[in-house]
K.L.:
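Quick one: the structure is below, and I'll ask about it shortly.
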Amino acid sequence: MAEQTGRTEIGIRDDRANGELRAYESDEAVGGIAYFVTDGEPAGLVAVHTVVQPGHGGKGVAGALVQDFYALAGREGVPVVPLCRYAAKWARRHPGLGHEAPSELMERARAQPASHPELLRSRQGQGKGRVRFGR
């Protein structure tokens, strides 16, 4: 899906198998959201970390990613659990665009990485802009 950010056109692609929603500008990966799907019912999409590559900040990439992530969850009929601080802040600024996750789902989402540490593989020890999303 292409998002018009006002400054540049960003293409967004979901790589569910790798738990990444990626943003592209002219076929270059410029950012992404690392996420996972919760175990059990109800299901939810858990936004873990949002990254924009150096040199691409201020172009609306992060906002386009989070907006598309909430739209993806909406199409699937599941709530978003925004463990990522940026995604949580975006949701507070855009009420009505995302469904609030039930507290039981929030608790499961926070606990799931303890039994599945690979869910956090690309975020451990990484600072802003250091996670490299693949093509």
Side-chain angles (χ1 to χ4, degrees):
M1 167 179 248
E3 296 286 330
Q4 195 71 344
T5 64
R7 298 181 200 168
T8 188
E9 187 171 309
I10 303 295
I12 298 180
R13 302 178 206 153
D14 182 22
D15 182 359
R16 180 67 54 100
N18 289 308
E20 296 175 356
L21 187 68
R22 300 179 189 145
Y24 292 87
E25 181 179 25
S26 302
D27 288 329
E28 176 189 1
V30 296
I33 293 178
Y35 75 95
F36 64 90
V37 179
T38 57
D39 290 336
E41 292 296 326
L45 295 180
V46 183
V48 178
H49 192 57
T50 303
V51 172
V52 174
Q53 298 302 330
H56 296 280
K59 296 180 180 180
V61 174
L65 278 163
V66 175
Q67 182 175 358
D68 201 73
F69 190 72
Y70 272 88
L72 174 66
R75 287 189 300 272
E76 294 182 12
V78 298
V80 169
V81 178
L83 297 185
C84 165
R85 288 179 283 171
Y86 182 85
K89 185 177 179 180
W90 185 94
R92 285 191 301 273
R93 283 197 225 152
H94 300 87
L97 292 181
H99 303 291
E100 188 170 333
S103 60
E104 181 266 331
L105 179 59
M106 296 283 288
E107 290 172 24
R108 275 194 296 117
R110 287 185 185 107
Q112 191 170 336
S115 59
H116 299 285
E118 70 277 5
L119 297 173
L120 303 178
R121 72 196 174 329
S122 65
R123 274 73 57 199
Q124 293 177 342
Q126 300 295 317
K128 182 178 180 183
R130 293 191 183 155
V131 176
R132 299 289 180 206
F133 288 89
R135 291 183 148 225

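We use all heavy atoms of the structure for the numbers below, so side chains are in, but hydrogens, waters and symmetry mates are not. Keep in mind it's a predicted model, so treat the numbers as computed, not measured.
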K.L.:
If I take atom CZ from residue R22 and atom CD from residue E28, how far apart are they, to the nearest 0.5 angstrom?
P.N.:
14.0 Å
K.L.:
Verify side-chain contact (heavy atoms from CB on, under 4.5 Å) between T50 and C84, making sure each step is shown before the conclusion.
P.N.:
CA-CA 7 Å; T50 303; C84 165; 3.2 Å; yes
K.L.:
Please find the pair of heavy atoms, one from R108 and one from P42, that lie closest to each other, and give the distance.
P.N.:
NH2-O, 2.5 Å
K.L.:
Any side-chain heavy atom of Q67 sitting closer than 4.5 Å to one from W90?
P.N.:
yes
K.L.:
Where do P79 and L105 come nearest, in terms of heavy atoms and distance?
P.N.:
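Taking every non-hydrogen atom into account, CG-CD2, 3.4 Å.
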K.L.:
Measure across D68 and I12 and return the closest heavy-atom pair with its distance rounded to 0.1 Å.
P.N.:
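Heavy-atom minimum between the residues: OD2-CG2, 3.5 Å.
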K.L.:
Going by atom types only, do Y35 and D14 share a side-chain donor-acceptor pair under 3.5 Å?
P.N.:
yes
K.L.:
What pair of heavy atoms forms the shortest contact from H56 to V61, and how long is it?
P.N.:
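So the minimum-distance heavy-atom pair works out to O-CG2, 3.9 Å.
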K.L.:
Compare every heavy atom of V78 with every heavy atom of A43, then report the nearest pair and how far apart it is.
P.N.:
O-CB, 3.7 Å
K.L.:
State plainly whether the residues E20 and R13 are in salt-bridge range, i.e. N to O under 4.0 Å.
P.N.:
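A salt bridge is absent here (no side-chain N lies under 4.0 Å from a carboxylate O).
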K.L.:
Tell me if a side-chain donor or acceptor on T38 pairs with a main-chain N or O of G44 at a distance below 3.5 Å.
P.N.:
yes
K.L.:
Should Y24 and V30 count as side-chain neighbours, where that means a heavy-atom distance under 4.5 Å?
P.N.:
no
K.L.:
Is the shortest heavy-atom distance from the side chain of E76 to the side chain of L45 under 4.5 Å?
P.N.:
yes
K.L.:
What's the shortest heavy-atom distance between F69 and I33, and which atoms?
P.N.:
CB-CD1, 3.8 Å
K.L.:
Before giving the answer on side-chain contact (heavy atoms from CB on, under 4.5 Å), spell out for Y70 and V80 the whole-Å C-alpha distance, their side-chain angles and the decisive distance to 0.1 Å.
P.N.:
CA-CA 7 Å; Y70 272 88; V80 169; 3.5 Å; yes
K.L.:
Please check if the number of heavy atoms outside R16 that lie under 6.0 Å from its CZ is greater than 12.
P.N.:
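Enclosed.
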